[in-house]
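Okay, structure first, notes after.
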Amino acid sequence: MGKQLNRREFIKIAGMGVGGMALASSALKPFSLFAQPAVNEALMATGSGGATPTYCEICFWKCAGWVHKKDGQPWKIIGNPDDTHSNGRFCPRGTGGIGAYLDPDRLKTPLIRVEERGKQVFREASWDEAFTYIADKMQQIKEKYGAESLAAFTHGSGGSYFKNVIRAFGSNNIAAPSYAQCRGPREEAYLMTFGEGVGSPERTDIANTKCLVLIGSHIGENMHNGQVQEFTQAHMSGATVITVDPRFSTAASKSKYWLPIKPATDTALLLAWIHVIIEEELYDKEYVKKYTYGFEELKKAVRHNTPEWAYPITTIKPHVIRQTAREMAAAAPSVIIHPGRHVTWYGDDTQRVRAGAILNALLGSWGRRGGFYAPVKAHVPKPKHPPYPKPKKEWRDALPGKYPLANLSLSTAIRDITVESPVDDFAIKGWFVYGTNLIQTLPQPELTKKAIQNLDLLVAIDIMPSEITGWADVVLPECTYLERYDDLRTSPGRIPAIALRAPAFEPKYNSKPAYWMAVQLARRLGLSEYFPYERIEDYLDYRLKAVGSSLEEMKKLGVKNLPLEEDLYFLNGEPYEFATPSGKIELYSNTLAEYGFDPIPRYEAHEEPPDGFYRLLYGRAPMHSFGRTTNNPVLTELKIENEVWIHPKVAREWGIENGSYIRLENQDSVISNKIKVKVTERIRHDCVYMVHGFGHTQKQLHRGFNRGADDTQLITRVKTDPIMGGTGMRVNFVTFRKEVA
Ligand SMILES: Nc1nc2c(c(=O)[nH]1)N[C@H]1C(S)=C(S)[C@@H](COP(=O)(O)OP(=O)(O)OC[C@H]3O[C@@H](n4cnc5c(=O)[nH]c(N)nc54)[C@H](O)[C@@H]3O)O[C@H]1N2
Ligand SMILES: Nc1nc2c(c(=O)[nH]1)N[C@H]1C(S)=C(S)[C@@H](COP(=O)(O)OP(=O)(O)OC[C@H]3O[C@@H](n4cnc5c(=O)[nH]c(N)nc54)[C@H](O)[C@@H]3O)O[C@H]1N2
Ligand code: SF4
Ligand SMILES: [Mo]
C-alpha cells in the first residue's frame, strides 16, 4: 500500500504551499499560549559558567532547557521559557537528567565480546578496532546474504545518523519499538479516519478544552510535560474530565467521572457512547454532513450497542454511559476523546482507537478549538546526499499479505524473522541497536534472545550497560545528551519552532557522540558522501543558515519560535478535502473493508483470566522513563523499586500483606523477580498493576539491578493487531507466589 500523504504534503499539493517559511526577525515577539517568564539573557547570567542550550533526552517530549554549571561542574537544568514543550519548566525526570551524566555505571569505552553470547564477557577495544570489526562484519554479511540482511532498531536523537548509514549500505529494515509497541495503532487509526496522524507532541488542544475523555491515558503519571501542564490548566478552568481506567489513576483523581472499566472492554464503551450520541441526536449535524463519510452505515452498525448492552461487558452502568455522553456533547466541539499514546493493549487496538476517532468526528472536535488543532512545523532544509540504493528486499517480503496497513517497520516482525525467516531467500543477520533496550522493551524476551543467537553481528550503541548491551558483539559507548550536539528539534506544535542541543560538558571517559560514530563507520564502509559534513557543528550551521539563523545565534537562543502563518483550527465550515480515499472523514473505511477488516469498529470479547489469575496491567511512574532512569543516581532517590497493586479483597483471599514481597507467576509458569505489594482500593479486583522499567537483570547497573520486577518478563504472550502489526501486551495473566527466597 502506498503511504498516504500527511496534511502538510496534502496542502502543498492542493496549491496552498507552505514551503520556504521565513524566520522571524529576532525582534519579533514569540507567540506563546503561556506567560513568558524572564528572557534567556537573564537566565544565562544565573550560572557563573554561563548556560548551554539543550533539549532533554530523558523522554521523547524533548523539552528545551538550559544547563547551568558552577565551577565547571553541573549545577542545574531548567526549562527554556521560550519553549512550548516545557514552558520554562522541566518535569522531575528532566531535572534529574544531570544524573545521566553523573552515573558512575556508565559505559566507558568500546567493548568487543570475547565469549559466547549471553555470558557477557567483553574486552575493552579502541574506537578504531571497534569500527574495523563492525565494518568487516557488515561487508561479510553483505557478501553472503545481501545488504538487506541488516536491520536497525532505534529510539532517540542519535538514531537518525545510524539509520543514514544503514540506508546508505542498502537496507530498509529500520524499526522502533515506539511504533509496534506504542503508538502505531493510534497513528494508523487516525490516518484512516482523518487522513492524518496524531503525532508527537500530540495535537490535542487540552489547554482550551471543555471536556477531556481519557481512555487509560494516565496523564500525570505519564509525564509528558506540556500535556500535563495543559491538563492542569484545563482542570483549573473547570473542564470536565472523564477518566476510563480500571485503576484510580492520578488523572482519575482529578476527574468528575471515573469509570473503573473492566479491562479489555473499552471498545464496547466507545460504541455505546457513539450509540447514545447518534440516538439522542447529539452529534454535530452540520459537521457530520459536510465532512464525514459513512454516517448511515455507522448508525446502522451501532444500533444494538446500547448502554444496556455495554453494561454487563464493561461493568459501567447505563445511566453513567448516557450521562457522560451528554457531557461530551454539551462541551462539543471543545471536547477531546484522547487518542492515547501507548495503545498496544489487546491486539484490536487500531479498531479501539478508531472508535474514539469516530466519536471525535461525531462531536466535531477535529480541527476545532478545544479539540484537535493542526500542528505546524519549522521547515529547515538538510544538506543533500546521494540517493540511497534501492534494497532488493525488506522485512515485508518475508510476510506477504500480513499487516497490510503498517506504514512503518515492525520491530517485532524483524525480531521474529531473525528467529526464523518464513521465506528461503531472506534472512536477517545483523542488528544495530541504538537507544532501545530490546530485551526489556519487546514483548516475549525469550524470542528476542533466540533471535540474537542467530545473528552474525549485534552492535549496541548506548550510554549505559543495559540488558541489550550484555548481548551485543560490539558495544559503542555514547556520551550523554549533556555532552553532545544533536540534530535540530523541529517537532510539530502550535507554533513552528527550532531547538538546539549543544554540549555543556566534554564527553566523560572514552564516550563519543553518535554523529561522530556514524561518520567514522560510514568512512570505513566507503559511504562518506552520505555525510556531507564531517563535523556536526558544520551540518547544524548549514541547516540554520538556510533559514537565516546560525549555530552561533542558536547557542544564544536555545529555541527560536517562528511566526505562525496558518489557522490552527482549520475546520470552520468551509469545504475541506481530507487526505483519505473519499476526501472525507471516514466513519466507514473502504480501505479496511478491502483488506477484509471491519470497516466500522466492532466489539469482540477477549480471553478472561483463568481462576486464581489476574490480568497484568502496567504503566508509568512520574519520576522514571521506562528502564532508562531506573539506575539514575538522582531519580532512584525518588523511587528505586516498583510495587504490584492488588485489591484488598484479593490480598485478603491470598493472605498477602501490604508492604510484603511476593513473586508473580504468569500463565506460562514464568516467575518474576520479587516485588513489593501495594494493597489498594485504587485497582479493580480482576487485575494487578505495576510500573514498567524495573527489575533490571544487568549486574553492572548497581542501583537498578534486581530492584522490583520487570513486566516484560511476564509478557510471554501477545495478540498481534492484524491491521498493522502492533503487539497487544495486556493479554497476560498472573497469580501470586508468596515464597520469595
Ligand atoms: N513491557 C513493556 N514493554 C514496553 C512498554 C511497557 O510499558 N511495558 N512500553 C512501550 C513503549 S510505550 C515504548 S515507547 C518503548 C520504549 O522502549 P525503549 O525505547 O527501548 O526505551 P528504554 O527501555 O528506556 O530503552 C532505552 C535505552 O536507551 C538507552 N539510552 C538512554 N539515553 C541514551 C542516549 O542518549 N544514547 C544512546 N545511545 N542510548 C541511550 C538507555 O540506556 C536504554 O538502554 O517500550 C515499549 N515496550
Ligand atoms: N513518567 C513517564 N512518563 C512517560 C513515559 C515514561 O516512561 N515515564 N513514557 C512515555 C511514553 S513513550 C508513552 S507511550 C506514554 C504512555 O502513557 P499512556 O499512553 O498514558 O499509557 P498507557 O499504557 O496507555 O496507560 C496506562 C494506564 O492504562 C490503564 N489501563 C490498563 N489497561 C486498561 C484497559 O483495558 N482499559 C483502560 N481504559 N485503561 C487501562 C492503566 O491502569 C494505566 O493507568 O507515557 C509517556 N510518558
Ligand atoms: S517531559 Fe520531562 S523527561 Fe520528558 S523531555 Fe520534558 S523534561 Fe525531559
Ligand atoms: Mo511510548
Side-chain angles (χ1 to χ4, degrees), residues 57-61 91-93 100 106-107 153-159 162 176-183 186 200 214-224 227-228 243-252 259-266 269 338-346 352 411 433-443 445 460-469 476-481 484 486 513-514 606 615 617-631 645 683-684 687 689 691-693 698 701 710-715 727 729-730:
E57 186 78 10
I58 303 297
C59 88
F60 302 100
W61 201 252
C91 87
R93 298 169 298 155
R106 280 173 56 174
L107 289 170
F153 301 85
T154 76
H155 203 186
S157 307
F162 283 97
S178 49
Y179 182 75
Q181 281 70 48
C182 179
R183 53 199 170 95
R186 176 188 87 176
S200 175
L214 299 174
I215 315 281
S217 312
H218 56 333
I219 295 178
E221 289 155 289
N222 147 10
M223 183 58 76
H224 273 168
Q227 187 162 237
V228 178
T243 296
V244 182
D245 198 312
R247 188 180 63 98
F248 189 69
S249 60
T250 303
L259 277 53
I261 196 165
K262 180 171 167 186
T265 67
D266 296 78
L269 174 66
H338 198 288
R341 187 168 175 116
H342 172 73
V343 294
T344 47
W345 300 354
Y346 302 108
R352 181 189 67 250
S411 48
V433 182
Y434 176 94
T436 165
N437 188 9
L438 297 182
I439 309 267
Q440 255 200 357
T441 295
L442 299 184
I461 304 107
D462 209 298
I463 57 170
M464 296 299 298
S466 61
E467 281 70 22
I468 188 71
T469 64
L476 303 179
E478 186 168 33
C479 53
T480 66
Y481 68 105
R484 66 188 200 229
D486 261 308
H606 292 288
R615 190 181 291 275
L617 307 183
Y618 52 81
R620 311 279 178 244
M623 64 298 270
H624 282 290
S625 287
F626 321 103
R628 64 169 52 209
T629 54
T630 44
N631 196 65
W645 295 35
I683 182 92
R684 279 177 63 106
C687 51
Y689 174 81
V691 169
H692 166 68
Q698 170 57 271
L701 296 171
D710 175 16
D711 55 335
T712 307
Q713 219 194 344
L714 298 166
I715 302 179
T727 55
M729 306 196 283
R730 290 187 184 144

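Ligands are counted one by one from 1 in listed order, and the atoms in each one are counted from 1 as well.
- Heavy-atom proximity to Cys182, at under 4.0 Å, picks out these atoms of ligand 2: 14 (S).
- In this structure the side chain of His155 reaches within 4.5 angstrom of the side chain of Phe60, judged on heavy atoms.
- Residues satisfying the side chain to side chain donor-acceptor pair (under 3.5 Å) criterion with Thr629, sequence neighbours excluded, are His624.
- Taking Tyr618 as the reference, His342 meet the ring-ring contact (aromatic ring centres under 6.0 Å, His included) condition, with sequence neighbours excluded.
- Contact atoms of ligand 1 toward Met729: 3 (N), 4 (C) (distance under 4.0 Å to a heavy atom of the residue).
- Given atom 8 (N) of ligand 1, the protein heavy atom at minimum distance is Asp711 OD2, 2.9 Å.
- Using a 30° and 60° split on the angle between ring planes, His692 and Phe626 fall in the perpendicular class, above 60°.
- Protein heavy atom nearest atom 36 (N) of ligand 2, with residue, atom name and distance: Asp266 OD1, 2.8 Å.
- Between Tyr618 and ligand 1, no N or O atom pair is found at a separation short of 3.5 Å.
- Residue contacts with ligand 2 leave out Phe60, since none of its heavy atoms falls under 4.0 Å from the ligand.
- Nearest non-hydrogen protein atom to atom 41 (C) of ligand 1 is Asp462 OD1, 3.4 Å.
- The protein atom (non-hydrogen) at minimum distance from atom 34 (C) of ligand 1 is Ile463 CG2, 3.6 Å.
- Among all protein heavy atoms, the one lying closest to atom 21 (O) of ligand 1 is Phe626 CD1, 3.7 Å.
- Look at Trp61 and you'll find every heavy atom at least 4.0 Å from all atoms of ligand 2.
- Counting heavy atoms closer than 4.0 Å to ligand 2, residue Cys59 contributes nothing at all.
- When each atom of ligand 2 is checked for a heavy atom of Tyr346 under 4.0 Å away, the hits are 32 (N), 33 (C), 34 (C), 35 (O).
- Met223 has its side chain out of reach of Cys59: every pair of non-hydrogen atoms, C-beta onward, lies at least 4.5 Å apart.
- Put simply, the side chain of Arg730 never gets that close to the backbone of Ala264: no donor and acceptor are under 3.5 Å apart.
- Under a 4.0 Å criterion applied to the non-hydrogen atoms of Met464, ligand 1 contributes the atoms 42 (O).
- The protein atom (non-hydrogen) at minimum distance from atom 24 (O) of ligand 2 is His342 O, 2.7 Å.
- Of the polar atoms of Glu57, none of the N or O atoms is found under 3.5 Å from an N or O of ligand 1, judged by distance alone.
- Near Ser466, with a cut-off below 4.0 Å to any heavy atom, the atoms of ligand 1 are 44 (O).
- Looking at atom 31 (C) of ligand 2, its nearest protein heavy atom turns out to be Arg730 NH1, 3.2 Å.
- Within the structure, ligand 2 has Ala621 among the residues with a heavy atom less than 4.0 angstrom away.
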Q: Please lay out, stage by stage, how Thr727 and Gln181 fare under the test side chain to side chain donor-acceptor pair (under 3.5 Å).
A: CA-CA 6 Å; Thr727 55; Gln181 281 70 48; 3.1 Å; yes
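- Near Gln181, meaning under 4.0 Å from one of its heavy atoms, ligand 1 places the atoms 10 (C), 11 (C), 12 (S), 46 (C).
- Counting heavy atoms under 4.0 Å from ligand 1, residue Arg341 does not touch it at all.
- Looking at atom 37 (C) of ligand 1, its nearest protein heavy atom turns out to be Glu478 OE1, 3.4 Å.
- Under the 4.5 Å side-chain criterion, counting only non-hydrogen atoms from C-beta, Tyr689 is not in contact with Pro246.
- Counting atoms of ligand 1 from 1 in the listed order, those under 4.0 Å from a heavy atom of Thr441 are 3 (N), 4 (C), 15 (C), 16 (C), 17 (O), 18 (P), 20 (O), 23 (O), 45 (O), 46 (C), 47 (N).
- With respect to atom 25 (O) of ligand 1, the closest heavy atom belonging to the protein is Asn437 N, 3.3 Å.
- The Leu617 neighbourhood of ligand 2 comprises atoms 31 (C), 32 (N), with distances under 4.0 Å to a heavy atom of that residue.
- Close contacts of ligand 2 with His624, meaning ligand atoms under 4.0 Å from a residue heavy atom, involve 1 (N), 2 (C), 6 (C), 7 (O), 8 (N).
- Two residues are said to be in side-chain contact when any heavy atoms from C-beta on lie closer than 4.5 Å; His606 and Pro263 fail this criterion.
- Close approach of ligand 1 to Arg484 is summarised as follows: ligand atoms under 4.0 Å from at least one heavy atom of the residue are 34 (C), 35 (O), 36 (N).
- Atom 39 (N) of ligand 1 has as its closest protein heavy atom Gly435 CA, 3.4 Å.
- Ranking the protein heavy atoms by distance from atom 44 (O) of ligand 2 puts Asp245 OD2, 2.6 Å first.
- The ligand atoms of ligand 1 that sit less than 4.0 angstrom from a heavy atom of Ile715 are 1 (N).
- Where the criterion is an N or O separation shorter than 3.5 Å, residue side chain and backbone included, Ser625 fails it with respect to ligand 1.
- Of the protein's heavy atoms, His155 ND1, 2.2 Å lies nearest to atom 19 (O) of ligand 1.
- For the pair Met623 and ligand 2, no heavy-atom separation below 4.0 Å is found.
- Using a 4.0 angstrom heavy-atom cutoff, Arg93 counts as in contact with ligand 2.
- Residue contacts with ligand 1: Arg620 is included, with a non-hydrogen atom under 4.0 Å away.
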